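Quantities reported herein were computed from a predicted structural model and do not represent experimental measurements. Lettering of chains follows the sequences in order, A, B, ..., and the numbering in each one begins at 1.
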Amino acid sequence: MKRTHHCNEIRADHIGQEVTLNGWVHSRRDLGGVLFIDVRDREGRTQTVFDPSDVDQALFDRAASLHSESVIAVRGKVRQRPEGTDNDKIPTGHVEILVAEMEVLNAADVLPFQVDDPEVAAKVHEELRLKHRYLDLRRPELARNLRIRSKAATTTRFFLDAEGFSEIETPLLFKSTPEGAREFLVPSRVHPGEFYALPQSPQQFKQILMVGGVERYFQLARCFRDEDLRADRQPEFTQIDIEMSFIDREDIYALIEGLLKEIWKKTIDHEVTTPFLRLTFEEALNRFGIDKPDTRFAMELVDFTEDFKSSAFKVFSGMVAKGGVVKAINAKAYADVTQGQMETMTELAKSFGAKGLAYIKVEGGEWKSPIVKFFSDAEKASLQEKLGIEEGDLILFAADEWLNACEILGKIRLYCAEILQAQGKLTLDPHRFDFLWVTDFPLLSFDQEMNRWYSSHHPFTAPVAEDIPFLTEDPKRVRGQHYDIVVNGVELGGGSIRIHQPDVQKTVFEQVLQLPEEVVQERFGYMLEAFRYGAPPHGGIALGFDRMIALLCGCQSIRDVIAFPKTAKAADLLSESPARVEAKQLRDLHLHLKVAAPKGEKSEP
RNA sequence: GGGGGCGUAGCUCAAUUGGUUAGAGCGCUGCCCUGUCACGGCAGAGGUUGCGGGUUCGAGUCCCGUCGCUCCCGCCA
C-alpha cells in the first residue's frame with residue numbers, strides 16, 4: 001500500500017480517482033454510523049471516510065479503535081464532499097477519500113502528550129517534549145524550523161560554491177588548546193594517558209588550509225565548548241566557517257552581505273538592504289553602551305561630560321575631574337517605573353561598580369529626583385535640550401570611567417526596552433532585521449587581576465597595519481582588524497584578518513600575551529612553522545548558524561531550531577546521555593574514575 | 001560557582017494562604033450517536049502532590065536537604 005499522493009495534494013481534479021495515502025492519524029471523529037479520520041503527513045492532511053455501507057464491520061471496527069498518531073495506509077476513491085460539509089480551513093477541504101482498504105503500519109500507544117492541537121502542544125513542558133522529541137518534531141512549528149534550517153544550509157553551499165569556495169572538513173579529534181573555552185576531551189586508547197580535544201572552532205585548521213593554497217574555504221562546522229549554557233548556547237553548535245586568502249576587510253563585508261541577503265531571501269523571502277551600517281567599537285559603546293547594539297529602537301546614550309564638568313553635584317563633577325564621563329538615557333514614558341524595577345536597575349549599575357543610579361522622573365510637569373536640586377539652570381537646560389525631555393519620561397544617569405558608564409547604561413537601556421515592550425509603550429516590528437558591522441575593536445584588553453594583556457578576539461587577529469609599532473610600547477591603542485556582524489542586538493558572528501607573518505605572530509604570543517616560548521612552541525609551533533613556508537595574507541569569519549536560524553524563525557531559544565538539543569545541564573533527555581560506561585571501556589582508555597559507582601554496580605577493580 | 005522561577009492525574013492547571021475524602025478541562029476506557037472536522041451526549045477509571053528528612057494534633061501548603069527543567073550573572077580566546 002505505497003502512497004500515490006501526499007496528504008496535501010488531493011483536489012477537485014482528483015475526484016473519481018482511486019488513491020492511496022500514507023500518514024499519521026491526526027484526528028478521529030466517530031459519529032457512530034460514519035467515521036472520519038484525518039490522515040496527516042508533513043505536507044498537510046486529508047479527510048478519509050469510513051462508511052459501514054461500503055466497508056465491512058471488521059475494517060470499520062479496526063479504524064474506530066485507532067489511537068491518534070498511529071501510522072496507516074488507506075486506499076479509496078476521491079469524492080467531492082456533500083454540499084455544506086466543505087472545510088475551508090484546509091486546502092484539501094473540498095474532497096474526501098472514501099476508504100475501501102486500510103492497513104495499520106504502526107499502531108500508536110496513547111501519547112505522553114497531545115500533538116494534534118498546536119496550541120496545546122506548544123504549552124507542554126519542554127522537559128517532556130525533549131524526552132519525546134520525535135513527537136515534538138511533528139509539530140508544524142518545529143517541522144518548519146528544520147526546513148528553514150535546511151534551506152539556509154543549502155543556500156549557503158550554493159552561494160559559496162558560486163563564489164569559488166571549497167567545502168572542506170576538518171578534524172573533530174584535535175589537540176587541546178587550553179586558552180579560551182573549556183574543551184571536551186577524548187581519551188586516546190592507543191596513546192595511554194593522552195587526549196584529543198573536540199575543536200571549539202576549526203580556527204587553526206582553516207588558517208593552515210590558507211597556507212595550503214586553498215584560497216577559499218568554507219564549512220558548516222560543528223563546534224564544541226564545555227561551558228555553561230544559555231538560551232542561545234549549546235555545547236555543540238554549528239558555524240558557517242569561512243576563510244579567504246589575498247583579501248582585506250572590505251572583501252569579507254561584501255561577501256557576507258551577499259550571503260546573508262541571499263539566505264534571508266531564500267528562506268523567508270525577506271529583502272535585506274545592503275550595504276550594512278557600520279559602527280566602530282567606540283561609537284557602538286558611546287551610542288548604545290554595548291558592542292552588539294540593537295538599533296531597532298533609539299533611547300541612545302547622550303554624553304554630558306562637558307556639561308557637568310564643574311557641576312555643584314560632586315558625584316558628576318568629581319568623576320569628570322578623575323577622567324571619567326557622565327552619560328544619560330531618556331527612557332521615554334517610563335516615569336511610572338516601580339520601586340522593584342528601579343532596584344533591579346540600580347543592582348545592574350552596582351554590578352559594574354557604580355555606587356548608585358541617579359534618575360529624574362518627569363511627572364506632573366515636575367522633575368522629581370533627589371539630585372535635581374544640585375543642578376544649575378544651564379545644566380537643566382542642556383539636559384532638556386539634548387534628551388528632548390517630555391512629560392512621563394524617566395532619565396537615568398551613569399557617571400563612571402568611560403567603558404563602565406557606557407556598559408551600565410547599555411544594560412539599563414535593554415532592560416527599559418524590555419519593560420516598555422511589555423507595557424506596550426515600545427513596539428518592535430518582528431519582521432525587521434537591523435544588520436550592522438562593528439569594527440575597529442581594540443586588539444587587546446587588560447586583565448586587572450592577572451596583570452596582563454589578552455586578545456579581545458583571538459591571538460591570530462592582525463593589528464591594523466599602522467598600529468603594529470605600538471604592540472609592545474602601547475598595547476592599548478592597537479586596533480585589531482576584527483569585525484562582528486550584529487542583527488537586532490544578537491552577535492551573529494565575527495572574524496578578522498589574520499596575522500600571516502611569523503615574526504608578528506611571535507611578538508603577539510611572547511611579548512604582548514607573555515606566553516613563555518616553550519608553551520608557544522608546544523601549542524602553536526606547527527602554525528608558526530607553517531607561516532615560515534609561504535603563508536598568504538588571509539582572513540575569515542564564522543557565523544553562528546543556530547542563532548541565525550533562530551532569527552529567521554523568530555525563536556527565542558536555539559533549542560527550537562536544533563533537531564536534538566541538550567538541556568541547560570548539557571544532557572540529552574531522549575537518549576539519556578551522558579551516561580556511565582562499562583569498566584572494560586575505561587580500562588581500554590587507561591582511565592580510572594574517582595567518582596563512586598552507583599548502587600548495585602561494582603566499582604572498578 | 002552564584003542568584004531567580006517552576007515541579008500536584010497521561011497533558012495543562014486549580015486547591016479560599018496549615019484543616020474533612022486533593023478538583024477542573026483535555027486525553028484515556030466503556031456505552032450511545034450517519035456529515036463531522038477542537039464532533040456531540042452519558043458514565044467511569046486514573047494521585048507516593050519530584051525525592052528524602054523535619055516542624056505540627058494535622059503539611060500539596062511552613063523549614064532543611066536533594067534531583068530535574070528553565071532564565072540570568074560568572075564563564076563562552
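Taking atom C1' in both G50(B) and G7(B), the straight-line distance is 6 Å, to the nearest Å. Remark: the separation of the C1' atoms in G19(B) and A59(B) is 10 Å, to the nearest Å. The gap from the C1' atom of U70(B) to that of C26(B) amounts to 25 Å, rounded to the nearest Å. Look at the C1' atom in both G53(B) and A43(B): the space between them is 43 Å, to the nearest Å. Comparing the P positions of G3(B) and U21(B) gives a spacing of 39 Å, expressed to the nearest Å. Taking atom P in both G58(B) and C73(B), one finds a spacing of 45 Å when rounded to whole Å. Taking the P atom of each, C72(B) and C28(B) are spaced 36 Å apart, rounded to whole Å. Comparing the P positions of C76(B) and G54(B) gives a spacing of 44 Å, expressed to the nearest Å.
Taking a 4.0 Å limit (strictly below) on heavy-atom distances, residues 76-98 of chain A reaches RNA chain B at Arg79(A), Arg81(A), Pro82(A), Thr85(A), Asp86(A), Asn87(A), Lys89(A), Glu96(A). Non-hydrogen atoms lying under 4.0 Å from RNA chain B are contributed by Arg29(A), Asp30(A), Leu31(A), Gly32(A), Gly33(A), Val34(A), Phe36(A), Gln47(A), all within residues 28-51 of chain A. Of the residues in residues 200-210 of chain A, those placing a heavy atom less than 4.0 Å from an atom of RNA chain B are Gln203(A), in numerical order. Contacts of residues 120-139 of chain A with RNA chain B (heavy atom under 4.0 Å): Lys123(A), Val124(A), His125(A), Glu126(A), Glu127(A), Leu128(A).
In this structure, CD1 of Ile558(A) is placed 12 Å from C1' of C76(B), rounded to the nearest angstrom. Regarding Leu111(A), its CG atom lies at a distance of 9 Å from the P atom of C28(B), rounded to whole Å. We find that CD of Glu576(A) is positioned 11 Å from P of C69(B), with the value rounded to whole Å. Computed from coordinates, the Asp226(A) CG to C76(B) C1' distance equals 11 Å when rounded to whole Å. At whole-Å resolution of the value, OH in Tyr415(A) and P in C71(B) are 19 Å apart. Between the NZ atom of Lys350(A) and the C1' atom of C73(B) there is a distance of 17 Å, rounded to whole Å. Computed from coordinates, the Arg182(A) CZ to G74(B) C1' distance equals 11 Å when rounded to whole Å. Regarding Leu229(A), its CG atom lies at a distance of 11 Å from the P atom of C72(B), rounded to whole Å.
The nucleotide whose nearest atom lies closest to any side-chain atom of Arg225(A) is, among U70(B), C76(B), G74(B), C76(B). Ranking C71(B), G10(B), G1(B) by closeness to the Asp228(A) side chain, first place goes to G1(B).
Across every strand in view, G23(B) sits in a pair with C13(B) that passes the Watson-Crick or G-U test at under 3.5 angstrom. Using the Watson-Crick or G-U wobble rule with both distances under 3.5 Å, U8(B) pairs with nothing in any strand shown. Partner assigned to C33(B) is none, using Watson-Crick or G-U wobble distances below 3.5 angstrom. For C28(B), the paired nucleotide is G44(B), the pair qualifying as Watson-Crick or G-U wobble because both relevant distances are below 3.5 Å.
Ring centroid separation for the pair Phe237(A) and Phe224(A) does not come in under the 6.0 Å cut-off. Between Tyr454(A) and Phe446(A), the gap from one ring centroid to the other reaches at least 6.0 Å.
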Step by step, work out the salt bridge (Lys or Arg N to Asp or Glu O under 4.0 Å) result for Glu126(A) and Arg559(A).
-> CA-CA 10 Å; Glu126(A) 191 171 12; Arg559(A) 290 189 298 274; 2.7 Å; yes
Listing, residues 42-49 of chain A side-chain donor-acceptor contacts under 3.5 Å, not counting sequence neighbours, or none:
from	atom 1	to	atom 2	distance (Å)
Arg45(A)	NH1	Asp38(A)	OD2	3.2
Thr46(A)	OG1	Cys7(A)	O	2.7
Gln47(A)	OE1	Arg29(A)	NH2	2.9
Gln47(A)	NE2	Glu96(A)	OE1	3.1
Thr48(A)	OG1	Ile37(A)	O	2.7

Under 3.5 Å, which donor-acceptor pairs link side chains of residues 508-522 of chain A to any protein atom two or more places apart or in another chain?
from	atom 1	to	atom 2	distance (Å)
Glu510(A)	OE2	Lys506(A)	NZ	3.1
Gln514(A)	NE2	Gln511(A)	O	2.7

Could you pull out all donor-acceptor pairs under 3.5 Å where a side-chain atom in residues 59-71 of chain A meets a protein atom, sequence neighbours excluded?
from	atom 1	to	atom 2	distance (Å)
Asp61(A)	OD1	Gln57(A)	NE2	3.0
Arg62(A)	NH2	Met102(A)	O	3.1
Ser65(A)	OG	Asp61(A)	O	3.3
Ser65(A)	OG	Arg62(A)	O	3.1
His67(A)	ND1	Ala108(A)	O	3.0
Glu69(A)	OE1	Arg40(A)	NH2	3.0
Glu69(A)	OE1	Arg138(A)	NH1	2.8
Glu69(A)	OE2	Arg40(A)	NH1	2.8
Ser70(A)	OG	His67(A)	O	3.0
Ser70(A)	OG	Ala108(A)	N	2.8

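Using a 4.0 Å heavy-atom cutoff across all strands shown, Pro112(A) reaches sugar-phosphate atoms only and no base atom.
For the pair Arg498(A) and Phe460(A), the cation-pi test (distance below 6.0 Å, angle within 45°) is failed.
Comparing Phe460(A) and Ser557(A) by the nucleotide of RNA chain B that holds the closest heavy atom to each, the one mapping nearer the 5' end is Ser557(A).
Applying the side-chain hydrogen bond (donor to acceptor under 3.5 Å, both in side chains) criterion to Thr280(A), with sequence neighbours excluded, gives no partner residue. Every residue was checked against the side-chain hydrogen bond (donor to acceptor under 3.5 Å, both in side chains) condition with Gln80(A), not counting sequence neighbours, and none meets it. Residues that satisfy the side-chain hydrogen bond (donor to acceptor under 3.5 Å, both in side chains) test with Ser176(A), not counting sequence neighbours, are Glu183(A). For Phe441(A), the ring-ring contact (aromatic ring centres under 6.0 Å, His included) partners at least two apart in sequence or on another chain are Phe281(A), His482(A). For Thr344(A), the side chain to side chain contact (heavy atoms under 4.5 Å, CB included) partners at least two apart in sequence or on another chain are Tyr415(A).
How far NE2 of His538(A) is from NE2 of His500(A): 8.5 Å, rounded to the nearest 0.5 Å.
Side-chain atoms of Gln219(A) never come within 3.5 Å of backbone atoms of Ile240(A) as a donor-acceptor pair (strictly under, hydrogens ignored).
Counting non-hydrogen atoms of other residues, nucleotides and ligands closer than 6.0 Å to CD of Glu282(A) gives a total of 12 or fewer.
For the OP1/OP2 pair of C69(B) and a distance below 4.0 Å, the side-chain nitrogens and oxygens of Thr567(A) include at least one atom meeting the criterion.
Regarding the sugar-base torsion, U17(B) falls in the syn class, its angle being within 90° of 0.
Checking each of Tyr526(A), Tyr217(A), Phe174(A) against Phe205(A) for a ring-ring contact (aromatic ring centres under 6.0 Å, His included) leaves exactly one that passes, namely Phe174(A).
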